[in-house]
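Notes for the one structure printed next.
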Amino acid sequence: MSENTKKNQGYGVVKISEDVVGVIAGIAASEIEGIQGLHPTLTGGITQVVTGKRNVTKGVKVTVGEQDAIIDMVVSIEYGFRIPEVVKKAQSNVKETVETITGLKVSAVNIYVNNIFVKENDQKTKEK
């Protein structure tokens with residue numbers, strides 16, 4: 001687990017874990033209408049199945065450099081929403097939220113859409 005170190009003048013050192021940034025980013029993305037959920041990467045999904053533990057940062061990978069952070073996310077979008085618009089809103093919200101809460105500079109929020117979620121009502125209507 002890597003940590004970001006920020007020096008606070010005269011008071012000591014503050015360390016922010018990449019996991020903490022990942023949780024903040026995941027919550028910020030899920031606030032956007034049209035985002036159905038975050039998806040674990042292949043290895044994260046296997047780990048979750050084997051251990052039985054739910055990973056709070058599933059689908060989010062954070063890389064913290066000396067001056068900035070890069071956030072990668074894997075999401076599912078609800079059917080009927082315009083993907084570019086939803087992704088742009090999510091990127092903006094994640095960047096703003098992480099920067100506000102942590103004080104880190106977010107240089108990139110990369111969002112990978114790997115699934116489209118169709119609500120059950122829509123599926124039943126199409127079957128009829």
Side-chain angles (χ1 to χ4, degrees):
M1 175 186 340
S2 180
E3 296 177 343
N4 176 41
T5 304
K6 294 183 74 176
K7 292 190 179 183
N8 200 347
Q9 297 175 344
Y11 296 112
V13 176
V14 176
K15 295 181 179 182
I16 301 172
S17 168
E18 289 179 352
D19 290 340
V20 170
V21 176
V23 169
I24 294 167
I27 292 170
S30 65
E31 292 174 346
I32 302 302
E33 186 179 17
I35 299 279
Q36 169 56 30
L38 303 171
H39 291 279
T41 59
L42 179 60
T43 56
I46 293 170
T47 302
Q48 185 174 336
V49 169
V50 172
T51 63
K53 294 182 181 178
R54 184 172 178 256
N55 185 359
V56 181
T57 58
K58 68 176 183 173
V60 181
K61 179 184 172 213
V62 178
T63 306
V64 177
E66 288 185 30
Q67 304 261 339
D68 60 351
I70 298 172
I71 300 170
D72 296 314
M73 309 180 86
V74 181
V75 301
S76 176
I77 304 283
E78 288 183 36
Y79 178 79
F81 285 88
R82 293 188 47 135
I83 294 172
E85 290 175 7
V86 172
V87 169
K88 186 175 181 179
K89 288 178 187 176
Q91 287 172 317
S92 176
N93 196 44
V94 168
K95 179 177 174 23
E96 182 179 321
T97 303
V98 170
E99 287 180 346
T100 300
I101 293 175
T102 66
L104 289 172
K105 169 85 172 106
V106 177
S107 62
V109 178
N110 302 313
I111 297 183
Y112 304 95
V113 178
N114 79 337
N115 195 14
I116 297 293
F117 177 77
V118 180
K119 294 181 183 177
E120 285 185 32
N121 292 342
D122 292 342
Q123 289 175 341
K124 289 179 183 175
T125 303
K126 289 179 182 176
E127 289 175 4
K128 289 182 181 179

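Here, residue 1 is the first one in the sequence, and each next residue gets the next number.
When the salt bridge (charged side-chain N to carboxylate O under 4.0 Å, His left out) test is applied to E31, no partner is found at least two apart in sequence or on another chain. For the side-chain contact (heavy atoms from CB on, under 4.5 Å) test, residues two or more places apart in sequence or in another chain that qualify with K89 are I32.
Using a 4.5 Å heavy-atom cutoff, the side chains of V94 and V106 are not in contact. In this structure, K95 and K105 have side chains that are in contact, with non-hydrogen atoms separated by less than 4.5 Å. At a threshold of 4.5 Å between non-hydrogen side-chain atoms, the residues I77 and I35 count as touching.
Scanning both residues, L104 and A69, for their nearest heavy atoms gives CD1-CB, 4.4 Å. Between V64 and E18, the shortest heavy-atom distance links the atoms N-OE2, 3.2 Å. When all heavy atoms are compared, the tightest approach of I70 to S107 is CG1-OG, 3.5 Å. Looking at every heavy atom in both residues, G34 comes nearest to V86 through C-CG1, 4.1 Å.
F117 and I83 fall into different hydrophobic clusters, defined by Ile, Leu, Val, Met, Phe, Trp and Tyr side-chain heavy atoms under 4.5 Å apart, directly or through other members. Clustering ILVMFWY residues whenever any of their side-chain heavy atoms sit less than 4.5 angstrom apart, transitively, puts L38 in the very cluster that holds I116. Note: the hydrophobic cluster containing M73 also contains V113 (ILVMFWY, side chain heavy atoms under 4.5 Å, direct or indirect links).
Taking CD from E96 and CD1 from I101, the interatomic distance works out to 10.0 Å, rounded to the nearest 0.5 Å.
At distances below 3.5 Å, not a single donor-acceptor pair connects side-chain atoms of Q36 with backbone N or O atoms of S76.
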